[in-house]
Every structure is written in C-alpha cells, then in structure tokens.
There are 2 protein chains.
Amino acid sequence: MDTTTPNMAEHLEAIGRRLRQKNMRLTQPRQQVLEAFLNSRRLQTPQEIFNNAREQGINIGLTTVYRMLESLSELNLAKALLLHGEIRYIFCPPEHHHHLICNNCGLVEEVFNCPVVQMPTGSFKSQSHQLDFYGLCSRCQVKDTALNPSGEASK
Amino acid sequence: MDTTTPNMAEHLEAIGRRLRQKNMRLTQPRQQVLEAFLNSRRLQTPQEIFNNAREQGINIGLTTVYRMLESLSELNLAKALLLHGEIRYIFCPPEHHHHLICNNCGLVEEVFNCPVVQMPTGSFKSQSHQLDFYGLCSRCQVKDTALNPSGEASK
DNA sequence: TTATCTGCAAAAGGTTTGCAACTGA
DNA sequence: TCAGTTGCAAACCTTTTGCAGATAA
C-alpha cells in the first residue's frame with residue numbers, strides 16, 4: 001500500500017480550502033484521518049476507517065469519523081456505496097466520475113470517462129446517474145481465491 | 001396506486017417456483033407481503049415494507065420481512081439500493097436491467113435497454129456493473145415541491 | 001475571542017439470533 | 001411427516017445526540 005504521496009500536502013490543502021468555504025475547519029484529527037483515508041483507496045465502513053486510524057496510532061473517536069464523513073459527503077468529497085450489504089465510504093473528487101470496485105478487497109479506481117450517452121426516454125426526468133463497475137483489481141486477479149490481499153474490506 | 005394486476009397470480013407462481021428450486025416455500029405471509037411489495041414499485045426500507053403490510057391488515061413480523069428480503073436477494077429477485085442515505089429495497093426481475101429512481105417518492109422503473117457499451121479498460125477486470133438514474137417521475141414533476149405525492153418514501 | 005470541533009457516554013435505531021410453535025409440500 | 005418458516009423477545013451492532021472541554025482561525 002502507498003505511503004504518503006508527494007502531492008498529499010496539496011491535496012489536503014485543497015480540501016481544507018473547500019471545508020473553509022463552508023465554515024468548516026481542517027482540524028488535526030480530520031487531517032490525520034483524511035491522510036489514512038486518502039492513502040487506502042478502499043471502500044471502508046466507518047468502523048474500518050476508525051480502526052485503521054487507531055492502528056496507526058491516531059487517537060480519534062468513532063463519532064468524529066461519522067461527522068467527518070457527513071461533512072465530506074456534503075461537499076461531494078466522499079461517497080457512500082453499498083458493498084457486501086454494508087454502507088461503505090470512499091473519498092473521491094467532486095467531478096462526475098464512475099468507479100471500478102474490487103469485489104474482493106474493496107479497492108476503488110476512478111473513471112472520468114463516462115460511457116453513458118443514451119439517457120432514458122419516457123416521462124421520467126433524469127437528473128443524475130450513478131454507474132459503478134464491480135470486478136477484480138489486478139492484484140486480486142492474481143491472488144484470486146485469497147481472502148484479503150490488502151486489508152479487511154471483504155467479509 | 002395500483003391494485004392487484006391481472007397477472008399478479010402468474011407472477012407469484014413464478015416466484016414460488018424459483019423459491020422452491022432453492023428449498024424455500026411461498027408461505028402465506030411471504031405471499032401477502034410480496035403482493036404489497038410488487039404493487040408498490042417503490043424503494044422501501046424494511047420498516048416501510050413492514051408498516052405497509054400491517055396497514056393492510058397483514059399480520060407479520062419485522063423479522064419475517066428481513067428474512068424474506070434476504071431470500072429474495074439471494075434469488076436476485078430483490079435489490080438493495082441506497083436512497084436518502086438509507087438502504088431500501090425494490091423487488092425486481094433477475095434479468096440485467098437498470099433503474100429510474102424518483103428522488104422524491106422513491107418510485108422505480110426498470111430499463112432493460114442497457115446503454116453501457118464501453119467497458120473500462122486497464123488492468124481492472126469488470127464482472128458486472130450497476131447503473132441507476134436518479135430524477136423525478138412524471139407524477140412528481142408535476143407536483144414538484146410537494147413532499148410525498150404517493151407515499152412515505154422520502155424523508 | 002468564539003464558533004466550530006472533539007471524545008466520551010448514553011440514547012436511539014436498525015438488524016440478527018434463539019426459540020418454541022406452526023405450516024406447506 | 002418434517003424441513004422450512006413464523007412471530008416474539010432479547011441480543012447485537014450501527015449511528016446519533018448531549019455535553020463539557022479543546023482548538024482553529
């Protein structure tokens with residue numbers, strides 16, 4: 001798994017700016033959890049985000065994780081998805097995009113190229129759409145039956 | 001809202017057959033709840049399904065609703081979707097299809113015409129995809145700001 | 001300085017499980 | 001007949017709320 005990427009600082013700064021636009025603050029706990037969240041790139045339940053943070057020595061409350069996910073969701077910086085019957089979150093950019101989701105380890109890749117051209121016809125008035133692809137990431141294709149190549153995302 | 005459609009009986013019979021294939025039974029409570037569920041065509045939380053059934057004089061337990069949703073999901077006859085932050089269920093045919101989901105009342109229409117032609121490239125191996133359109137059904141386009149034209153699906 | 005945020009504990013909700021009685025095939 | 005199902009109550013897990021102290025801007 002990656003360690004902090006070179007542009008992590010910029011990334012966090014950009015998020016901080018967006019938060020401030022909404023009278024929100026990029027506090028230390030938020031920043032620490034965000035770093036872990038950004039690095040993992042896996043769909044995670046609030047519990048998992050919390051556990052991962054704790055494992056990394058970050059002292060944070062579960063409540064804070066929930067509140068952070070709520071704030072990020074409002075800013076379109078996090079998205080909730082259903083995987084394996086549970087609500088899991090992924091940090092993601094606010095632009096229109098789709099996801100490639102690994103059924104095995106929960107890894108998520110973004111796809112900015114939207115293949116949905118033909119909108120539904122009829123009396124229904126579509127305002128948005130959500131498209132996600134489910135399958136296996138390159139890593140899990142190799143390990144295949146292995147249970148959790150990179151974490152605890154699958155049940 | 002519709003009342004029992006002419007082919008409801010056939011529909012239930014087909015479901016009964018599928019259930020029996022899996023050593024499951026189409027019992028009276030299941031049948032009654034299914035009728036209500038099929039008629040509503042709205043995304044509903046287990047609680048809502050339960051409440052609706054009770055309102056219609058069907059004596060059933062919440063537990064049974066949960067277990068039925070689990071069984072139907074295994075058979076690909078029900079699907080869980082996230083709407084307004086809650087997990088809601090819709091009864092749906094096992095064939096590949098997409099949904100038009102009304103953000104206001106939770107009404108769901110199926111679309112069997114799949115507009116996803118271009119699959120993602122790269123090392124990710126896609127096994128399936130899910131595409132849903134969110135917007136307003138014809139009814140809610142008219143009433144627009146009205147809160148719950150046809151039920152209690154929105155929060 | 002002060003509005004926002006924090007962690008904790010408690011409350012509130014949602015979902016699952018254990019069980020004895022019941023029922024469909 | 002009897003495996004599968006039922007409703008209820010209790011257990012369990014997830015999410016939200018209240019609050020006094022801490023903190024970013």
Practice problem: Could you tell me the separation between the CD atom of A:Glu13 and the P atom of D:dA25, rounded to a whole number of Å? | Solution: 12 Å
Exercise. Ignoring hydrogens and angles, answer whether the base of D:dA25 and the side-chain atoms of A:Arg20 contain a donor-acceptor pair closer than 3.5 Å.
Key: no
Quiz item: C:dG14 P sits how many Å from B:Leu69 CG, rounded?
Solution: 15 Å
Quiz prompt | Closest-nucleotide ordering on DNA chain C, the 5'-leading residue of B:Gln47 and A:Pro29 | solution = A:Pro29
Exercise. Respond yes when some side-chain nitrogen or oxygen of A:Thr27 is under 4.0 Å from OP1 or OP2 of C:dT6, and no when none is.
Key: yes
Practice problem: Report the distance from atom CZ of B:Arg30 to atom C1' of C:dC22, rounded to the nearest whole Å. | Solution: 14 Å
Self-check item: Short side-chain N/O contact to D:dA3 OP1/OP2 from B:Arg25, under 4.0 Å
Solution: no
Exercise. Let me see the working for B:Gln130 and A:Tyr134 under side chain to side chain contact (heavy atoms under 4.5 Å, CB included), right down to the final yes or no.
Key: CA-CA 8 Å; B:Gln130 182 174 338; A:Tyr134 293 83; 4.3 Å; yes
Quiz item: Roughly how far, to the nearest 0.5 Å, is CZ of B:Arg25 from CZ of B:Arg30?
Solution: 9.5 Å
Quiz prompt | Nucleotide nearest A:Tyr66 when distance is taken to its side chain, options C:dT15, C:dT6, D:dT16 | solution = D:dT16
Exercise. Please work out if A:Arg17 contacts a base, only the sugar-phosphate, or nothing of the nucleic acid, heavy-atom cut-off 4.0 Å.
Key: nothing
Quiz prompt | A:Leu62 CG - C:dA12 P separation (whole Å) | solution = 19 Å
Quiz item: Roughly, in whole Å, what's the span from CG in B:Leu26 to P in D:dT5?
Solution: 11 Å
Exercise. Mind calculating the distance between CD (A:Gln31) and C1' (C:dT6) to the nearest angstrom?
Key: 16 Å
Quiz item: Is there a donor in the side chain of A:Thr27 and an acceptor in the side chain of A:Gln31, or the other way round, less than 3.5 Å apart?
Solution: no
Quiz item: So does A:Arg42 pair up with A:Glu48, basic N to acidic O under 4.0 Å?
Solution: no
Quiz item: How would you label the contact of A:Ile60 with the nucleic acid (heavy atoms, under 4.0 Å): base, sugar-phosphate, or nothing?
Solution: sugar-phosphate
Practice problem: For B:Thr63, report the nucleic acid contact type (base, sugar-phosphate, nothing); a contact means any heavy atom under 4.0 Å. | Solution: base
Quiz item: Has B:Arg67 got a side-chain N or O lying under 4.0 Å from the OP1 or OP2 atom of D:dT5?
Solution: no
Exercise. Can you tell me the distance, in whole Å, between the CZ atom of A:Phe50 and the P atom of C:dT6?
Key: 14 Å
Exercise. Write down the distance between CG (A:Asn23) and C1' (D:dA24), rounded to a whole number of angstrom.
Key: 12 Å
Exercise. Using a cut-off of 6.0 Å, state whether more than 12 heavy atoms not belonging to B:Glu70 lie near its atom CD.
Key: no
